[in-house]
Every structure is written in structure tokens, then in C-alpha cells.
Enquirer: 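Sharing a structure here in C-alpha cells format.
Computed over heavy atoms, backbone and side chain alike; hydrogens, waters and symmetry mates excluded. Below, chains carry the letters A, B, ... as their sequence lines are ordered, and counting in each starts from 1.
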2 protein chains.
Amino acid sequence: MHDADDILDSISGDNDDVRPSPTFAALGADKQERIVAEALDEFAEHGFEGASVNRLVARLVIAKGSIFQYFGTKERLFAYVFERVAGRFAAALRAVRDETKDAHVLARIRASLMAGVAFIDAHPRIYRLYVRVSLQDTMPLRGRLLAEARRQSARYLRRLVTDGLARGELKAGLDVDAGVFFLDALMDRFLLAYAVDFLDAGTGLYRAAPEVLSAKLEALMDLIAGALAARPAKDEKR
Amino acid sequence: MHDADDILDSISGDNDDVRPSPTFAALGADKQERIVAEALDEFAEHGFEGASVNRLVARLVIAKGSIFQYFGTKERLFAYVFERVAGRFAAALRAVRDETKDAHVLARIRASLMAGVAFIDAHPRIYRLYVRVSLQDTMPLRGRLLAEARRQSARYLRRLVTDGLARGELKAGLDVDAGVFFLDALMDRFLLAYAVDFLDAGTGLYRAAPEVLSAKLEALMDLIAGALAARPAKDEKR
DNA sequence: TATGAAAATGACCAGGTGGTCATGACATGC
DNA sequence: GCATGTCATGACCACCTGGTCATTTTCATA
């Protein structure tokens with residue numbers, strides 16, 4: 001039914017036109033990983049402008065020259081780290097979407113949110129970097145890097161919505177664009193509120209304990225269901 | 001009806017514990033305004049870290065020493081500018097809320113969104129500064145400055161929701177916290193998508209022409225109504 | 001072990017940062 | 001006309017930035 005889109009997904013997945021020097025490629029995999037991890041830390045903590053190469057090499061106990069030998073430029077270092085890391089979140093969500101292919105669309109949305117929370121717990125720095133980049137318009141590569149992420153997110157949700165419509169699980173007259181926007185806003189903010197303290201508007205979602213989190217999640221799902229779901233029966237949870 | 005809250009609102013409105021030196025206060029009002037406006041520009045454009053006092057004084061054609069005589073510190077300059085400017089958005093919304101006191105809660109939400117759009121059009125730099133600060137955790141005063149803004153926003157929406165519930169315009173069993181979160185997320189994102197290019201997930205909301213904007217707004221209002229509104233005329237649901 | 005190339009190194013560079021302060025212009029009161 | 005105090009000024013400071021490059025170290029091969 002939607003195999004054509006799957007092909008598109010996989011094509012756009014790995015777009016590595018930002019390559020480090022062969023010298024870096026020749027490094028041991030562990031050392032590469034250490035450099036990427038530490039750089040991710042630095043960028044996640046201070047953003048692109050605020051990040052300091054001096055600080056980074058001090059942490060790594062490595063000569064500054066080496067970084068520039070590997071990447072040439074702070075900007076290209078950033079691009080490399082970002083691209084190496086950015087796809088993971090989308091990939092995790094895509095996996096959930098595919099695993100729940102036959103479930104009710106509301107169950108799939110719930111599963112996506114839970115997967116998002118799990119990802120944040122497992123890779124807080126990656127999510128933090130993503131958040132940072134999202135609104136830092138001084139970032140030179142922002143457009144190129146983020147446009148792709150956004151496009152993937154929109155396509156992801158659009159698929160959920162059109163699937164749900166096709167199965168009659170969503171309101172017949174539903175405007176797809178509006179539905180996508182609606183879900184994007186709510187899901188994004190839900191995860192943001194979980195990950196960033198002062199964004200939860202006093203609802204106590206920030207780093208909430210599992211029981212609290214799941215209560216909030218159900219309350220949100222009720223509202224989403226009210227807005228989007230067709231109403232053949234009264235209750236249709238997972 | 002809810003006068004007690006109004007008093008609270010007005011008390012928390014002007015909290016100016018960040019004062020410039022008397023020298024600055026003695027300046028002509030026009031010069032003060034020019035300095036604040038230009039500093040707002042600089043901070044909105046580059047964020048707190050990225051903003052340069054050198055660049056600022058160059059724009060103002062004023063000696064650098066003067067800025068430090070007025071404010072002592074880049075940080076205090078920022079705090080002053082932010083506090084002088086931050087309340088305006090909230091005030092604009094509050095005005096709308098009070099003007100529409102007797103309208104249906106959905107109409108009030110719609111009016112709030114339109115007022116938000118109008119504010120962004122009128123004061124793009126103020127909104128931009130707000131957006132910037134929202135996710136820049138390097139900002140030393142972030143917590144203090146933003147907590148207040150968030151609290152006001154939450155209180156604003158909470159009032160709308162509880163009013164709507166009291167009048168039976170919203171679903172009887174509605175969880176107030178969830179409703180506030182729901183509205184906060186959608187309204188915030190709607191305005192963000194209108195103001196910041198790459199956040200609209202391909203829905204074409206960014207700087208949309210009035211007709212497009214109003215169509216998107218109505219589509220969103222439909223979804224909000226489905227999620228929150230009581231259904232007196234229409235069929236089903238308990 | 002000797003050789004040569006590749007890779008690591010960190011002193012160094014020009015330019016920018018937030019912040020300081022001695023200087024002098026200018027107003028006011030006598 | 002002088003003394004006094006306020007305030008604007010911009011040269012200056014220590015420090016940090018991203019980036020360079022001559023020099024040294026490493027190491028595979030002969």
C-alpha cells in the first residue's frame with residue numbers, strides 16, 4: 001500500500017556529503033567514537049557558536065591541530081557530528097511505525113510517543129543537540145540540516161494519518177495537513193516538555209516518573225482521539 | 001467572577017528588580033528608546049552569547065564605556081531589555097481575553113491566536129527574542145526570566161479552560177491540566193510556525209497570506225473543538 | 001637498522017570579546 | 001572666572017576565538 005514511500009525513506013536516509021579527511025577514517029573506531037561523542041557533548045552544551053574547539057581538544061587530550069587535520073573547519077566538524085547522529089531519532093520512530101503497522105492508528109501514535117521518551121532517556125545529548133539546533137538561526141547549516149529532519153517528521157506523520165484515514169479509523173472529512181500539523185505540534189511539545197524543564201507550562205511533565213508520564217500520556221491521547229478519531233464504538237484503545 | 005485572579009495578574013506584571021544606573025534614567029526618553037530598540041535587535045539577531053557590545057555601540061554611534069556606565073554588564077543590559085519588552089506579548093493577549101470575556105471559549109481561543117499573529121506582525125523582533133531565549137540554556141537568566149512568562153501563559157490558558165468548563169462549553173470530564181497543555185502546545189506551535197520558517201512541517205503556514213492563514217486557523221479550530229468542546233447539538237458521546 | 005612518508009603536535013597568529021579607567025568636555029553654582 | 005562634579009569617551013587590558021604550519025614523532029617498509 002505504501003511501499004513507494006518506504007523506498008523514498010531509505011534513499012533520503014544517509015546523505016553523507018560531509019566527509020572527514022581520510023586520516024580520520026583511518027583512526028581506530030573507538031577513537032573516532034570518542035571524538036564524536038565528546039564533540040556532541042560540546043555542541044549540545046554550548047550550541048554551535050558557543051562551542052569551543054580549545055575546550056574540546058582539552059577534554060580529548062588531543063592536539064588542536066589534529067581536529068583541523070580531520071575536519072578542516074569547526075563547521076564541518078559540526079556537520080559531521082550532526083549527520084552521524086541526527087538520523088537515529090527518526091530511525092527509532094520509523095522502526096516503531098513499521099513494527100506497529102497493523103495496529104490502530106491511535107495505538108501507533110501512543111507507541112511513537114513512548115518510543116520518543118525512551119530515546120530521550122537513552123540519548124539525552126542527541127535530543128538536546130537537536131533541540132538546540134532547531135532554534136539557533138545563527139547556525140550556518142541549520143537550513144540544510146533541519147529541513148531534512150522536518151521533512152522526514154512530516155512524512156512520518158502524514159503516513160500515519162493517511163493510513164488511519166484509509167482504514168476508517170480517523171474522521172472521514174479530516175484535513176490531512178491540519179492533522180499532520182496537529183500531531184506534530186502535540187507530539188513534539190510532549191517530548192520537549194519531558195526533556196526541557198520550563199516548557200511544560202506547569203503540568204509537571206519534565207522528567208516525570210513512569211506512572212505520572214503514562215497518566216499524562218493517556219490524558220493527551222484522549223484529546224487526540226476526540227479531535228481525530230472516527231467514532232464507531234465508544235472505546236477503542238490498543 | 002474572576003477578579004481575584006486579575007489582581008494576581010497585575011501584581012506579577014512589572015517586576016523590575018533589574019535597574020539601569022540613574023545616569024541612564026536621566027537620559028532623554030527618545031535616546032533610551034533608541035538604545036533599547038537597537039539592543040533588542042542585537043540580542044534577537046544573535047542571542048545572548050552571540051550578541052556583541054562592540055557591534056551594538058557601533059550601530060548606536062556611542063562610546064562603549066557608556067553602555068557599561070548605564071548597565072554595568074552585558075548580562076544586566078540583556079535583563080533590562082528583556083524585562084522591558086517581555087510583558088508586551090502577554091499584555092496583548094490578556095487584553096484580548098478580557099475584551100472577549102463573554103464570547104464562547106472557542107471564539108476566545110481563535111481571537112487569541114489572531115492577536116498573537118497580529119503581535120508577531122507588529123513586533124517581529126520581540127517575538128524572535130522570546131523564541132531565542134526559550135531554548136538557549138546558556139542564557140544565565142533564562143530560568144528567572146522565562147519562568148514568569150511561562151507561568152503567565154499557563155495561567156492565561158487555565159482561565160480560559162476553567163471559564164469554558166464553568167459555562168458548559170467544554171466537555172464535562174475534561175482534565176484541566178491536559179487541556180492547558182493541549183492548548184499551549186497547539187497555540188504556541190501555530191504562532192511559531194507562522195513566525196519561523198522551517199517549523200511548519202510543510203504546511204505552508206510560515207508568513208502565510210491572510211486567507212491561507214485563516215483557512216489553516218479554521219482547520220485547527222475544528223480539531224480543537226473536536227477535542228475539547230461539549231457537543232450539545234450534535235450526536236453521541238455519553 | 002635506515003629511510004621516507006604520514007600523522008600528531010602546540011606555539012603562534014590576527015582578530016574579536018566583555019570590561020576598565022584616565023582623560024577631558026561641559027554644565028552648574030559661586 | 002573659577003571650582004566642582006557629572007558624564008561621554010575610546011584607548012587599552014587580559015583573555016579567548018578559529019585556524020595555521022613548521023617541527024617532531026610514529027611507523028611501515030626496505
Enquirer: Are A:F89 and A:I126 close enough that some pair of their side-chain heavy atoms sits under 4.5 Å apart?
Expert: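 Side chain of A:F89 against side chain of A:I126, heavy atoms only: no contact under 4.5 Å found.
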Enquirer: Regarding B:L27, tell me which of base, sugar-phosphate or nothing describes its non-hydrogen contacts under 4.0 Å with the strands shown.
Expert: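 The residue B:L27 makes sugar-phosphate contact but no base contact.
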Enquirer: Atom CD of B:Q69 to atom P of C:dT23: distance rounded to whole Å?
Expert: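 Answer to the nearest Å: 17 Å.
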Enquirer: What do you reckon, is CZ of A:R84 surrounded by more than 12 foreign heavy atoms closer than 6.0 Å?
Expert: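 For A:R84, atom CZ is crowded (more than 12 foreign heavy atoms under 6.0 Å).
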Enquirer: For A:R76 and D:dG19, give me the distance from atom CZ to atom C1', rounded to whole Å.
Expert: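 Between C1' of D:dG19 and CZ of A:R76: 14 Å.
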Enquirer: Expressed in angstrom and rounded to an integer, what is the separation of A:K64 atom NZ from C:dC12 atom C1'?
Expert: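 Taking NZ of A:K64 and C1' of C:dC12, I get 10 Å after rounding.
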Enquirer: Assign the ring pair A:F71 / A:Y80 to parallel, tilted or perpendicular, where the plane angle (0 to 90°) is split at 30° and 60°.
Expert: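 A:F71 vs A:Y80 ring planes: tilted.
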Enquirer: Please tell me if the side chains of B:F24 and B:L27 come closer than 4.5 Å, counting only heavy atoms from C-beta onward.
Expert: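 Yes, at least one pair of side-chain atoms sits under 4.5 Å.
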Enquirer: Can you confirm whether the side chains of A:Y127 and A:D121 place a donor and an acceptor under 3.5 Å from each other?
Expert: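 Checked: A:Y127/A:D121 side chains show no N/O donor-acceptor pair below 3.5 Å.
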Enquirer: If I take atom CD1 in residue B:I62 and atom P in nucleotide D:dC7, what distance separates them, rounded to the nearest angstrom?
Expert: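 Nearest whole value for this atom pair: 14 Å.
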Enquirer: More than 12 heavy atoms of other residues, nucleotides or ligands under 6.0 Å from CZ of A:R76: is that the case?
Expert: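 Above 12, so yes.
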Enquirer: Could you tell me the separation between the CD1 atom of A:I35 and the C1' atom of C:dA8, rounded to a whole number of Å?
Expert: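 It is 12 Å, rounded to the nearest whole Å.
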Enquirer: Starting from the 5' end of DNA chain D, give me the residue, B:G65 or B:P22, whose nearest nucleotide shows up first.
Expert: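 The 5'-side residue here is B:P22.
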Enquirer: Considering the terminal five base pairs at each end of the helix from C:dT1-D:dA30 to C:dC30-D:dG1, what angle separates the two local helix axes, rounded to 10°?
Expert: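 Terminal axis comparison yields 10°.
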Enquirer: A:I67 CD1 to C:dG10 C1': how many Å, rounded?
Expert: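 Rounding to the nearest Å, CD1 of A:I67 and C1' of C:dG10 are 14 Å apart.
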Enquirer: Per the side-chain contact (heavy atoms from CB on, under 4.5 Å) rule, which among B:L77, B:V53, B:V57 passes with B:F68?
Expert: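 Between B:F68 and the candidates, side-chain contact (heavy atoms from CB on, under 4.5 Å) is satisfied uniquely by B:V53.
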Enquirer: Quick one: label A:S66 by what it contacts on the DNA or RNA (base, sugar-phosphate, nothing), any heavy atom closer than 4.0 Å.
Expert: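 Base, at least one base heavy atom under 4.0 Å.
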Enquirer: Of the nucleotides C:dT20, D:dA8, C:dT9, which one has an atom closest to the side chain of B:F68?
Expert: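 Selected nucleotide (nearest to the side chain): C:dT20.
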Enquirer: Please examine the side chains of B:V96 and B:M114, heavy atoms only from C-beta on, and report whether any two atoms are closer than 4.5 Å.
Expert: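 With C-beta onward as the side chain, the pair stays apart.
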Enquirer: Base, sugar-phosphate or nothing for A:F71? Non-hydrogen atoms, less than 4.0 Å.
Expert: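 Here A:F71 touches no strand at all.
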Enquirer: Between B:L77 (CG) and C:dT17 (C1'), how many Å, whole number?
Expert: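 The answer, rounded to whole Å, is 15 Å.
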Enquirer: Suppose we call a contact any N or O donor and acceptor under 3.5 Å apart; does that hold for the side chain of B:K74 and the base of C:dG19?
Expert: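 Counting by modelled atom types and ignoring angles, no donor-acceptor contact under 3.5 Å is found here.
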Enquirer: For DNA chain C, what residues of residues 51-60 of chain B have any heavy atom nearer than 4.0 Å?
Expert: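 Only B:A51, B:S52, B:V53, B:N54 qualify.
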Enquirer: Expressed in angstrom and rounded to an integer, what is the separation of A:Q32 atom CD from C:dA7 atom P?
Expert: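 Nearest whole value for this atom pair: 13 Å.
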Enquirer: So does B:Y70 get a side-chain nitrogen or oxygen closer than 4.0 Å to the phosphate oxygens (OP1/OP2) of D:dC7?
Expert: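 False: B:Y70 side-chain N/O out of range (4.0 Å or more) of D:dC7 OP1/OP2.
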Enquirer: If we ignore hydrogens and angles and just use 3.5 Å, is the side chain of B:R158 paired with the main-chain N or O of B:V176 as donor and acceptor?
Expert: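 No.
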Enquirer: Looking only at atom types and distance, does a side-chain atom of A:R125 sit under 3.5 Å from a main-chain N or O of A:D41, one as donor and one as acceptor?
Expert: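 Flag not set: sc A:R125 to bb A:D41 has no pair under 3.5 Å.
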